[in-house]
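Reviewing the structure listed below.
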Amino acid sequence: MASWDLDSILKKAKEQEEKYGWLYAAWSYEHALRSNFEDNFFIAETFQQIGYCYKLAARQSENQDEFNRLQLFGVQAYENASKYFKKIK
């Protein structure tokens, strides 16, 4: 994926955050990760942002099951972020 594509995906994610569209922002960040980017720091930070977005998306959920599912996605993203931050050493 060309860097301008990645830039446009990240811009879209930030726009969704500004509109409090946390679930859409998380999906945009996940799309950015599928760009086959090989920078562990970028991957770690992106997973961290995905976790943050899912955490806030859970607060907007309409029922307990959705809340639990989005919280789990957030935890999984934070765990992935931790793995990639450890690789940076």
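- With values rounded to the nearest 0.5 angstrom, T46 atom OG1 is found 9.5 Å from F41 atom CZ.
- In this structure, the side chains of Y29 and L10 come closer than 4.5 Å at one or more pairs of heavy atoms.
- With hydrogens and angles disregarded, no donor-acceptor distance shorter than 3.5 Å links the side chain of Y52 to the backbone of W22.
- Under the 3.5 Å distance criterion, with hydrogens and angles disregarded, no donor-acceptor pair is assigned to the side chains of Y24 and E17.
- Taking CG from D39 and CD from E45, the interatomic distance works out to 8.5 Å, rounded to the nearest 0.5 Å.
- Note that the CG atom of N63 and the CZ atom of R69 stand 8.5 Å from one another [nearest 0.5 Å].
- Between Q48 and F85 there is a side-chain heavy-atom pair separated by less than 4.5 Å.
- In terms of modelled atom types and a separation under 3.5 Å, the side chain of Q60 and the main chain of Y20 share a donor-acceptor contact.
- Closest approach of F67 and S61 over heavy atoms only: CB-OG, 3.2 Å.
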Practice task
Determine, step by step, whether R59 and L56 satisfy the side-chain contact (heavy atoms from CB on, under 4.5 Å) criterion, reporting the C-alpha distance in whole Å, the side-chain angles of both residues, the deciding distance to 0.1 Å, and the verdict.
Solution key: CA-CA 5 Å; R59 294 179 184 179; L56 294 177; 3.7 Å; yes
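- Going from atom CD of E15 over to atom OG of S8 covers 10.0 Å, rounded to the nearest 0.5 Å.
- Between E30 and F73 there is no side-chain heavy-atom pair separated by less than 4.5 Å.
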Exercise for the section: Let me see the working for F42 and Y84 under side-chain contact (heavy atoms from CB on, under 4.5 Å), right down to the final yes or no. Expected result: CA-CA 9 Å; F42 170 81; Y84 280 94; over 6 Å; no
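- Between the side chain of E66 and the main chain of E62, a donor-acceptor pair closer than 3.5 Å is present.
- Contact check for Y78 versus Y54: no side-chain heavy atoms found under the 4.5 Å cut-off.
- Here the straight-line distance linking atom NZ of K83 with atom CZ of F47 works out to 8.5 Å at 0.5 Å rounding.
- For the side chain to side chain contact (heavy atoms under 4.5 Å, CB included) with L33, the lone residue among N80, I9, I43 that qualifies is I43.
- Taken to the nearest 0.5 Å, the CD1 atom of I50 stands 12.0 Å off from the NE2 atom of H31.
- Minimum interatomic distance between A25 and A13 (heavy atoms only, all atoms of both residues): CB-O, 3.7 Å.
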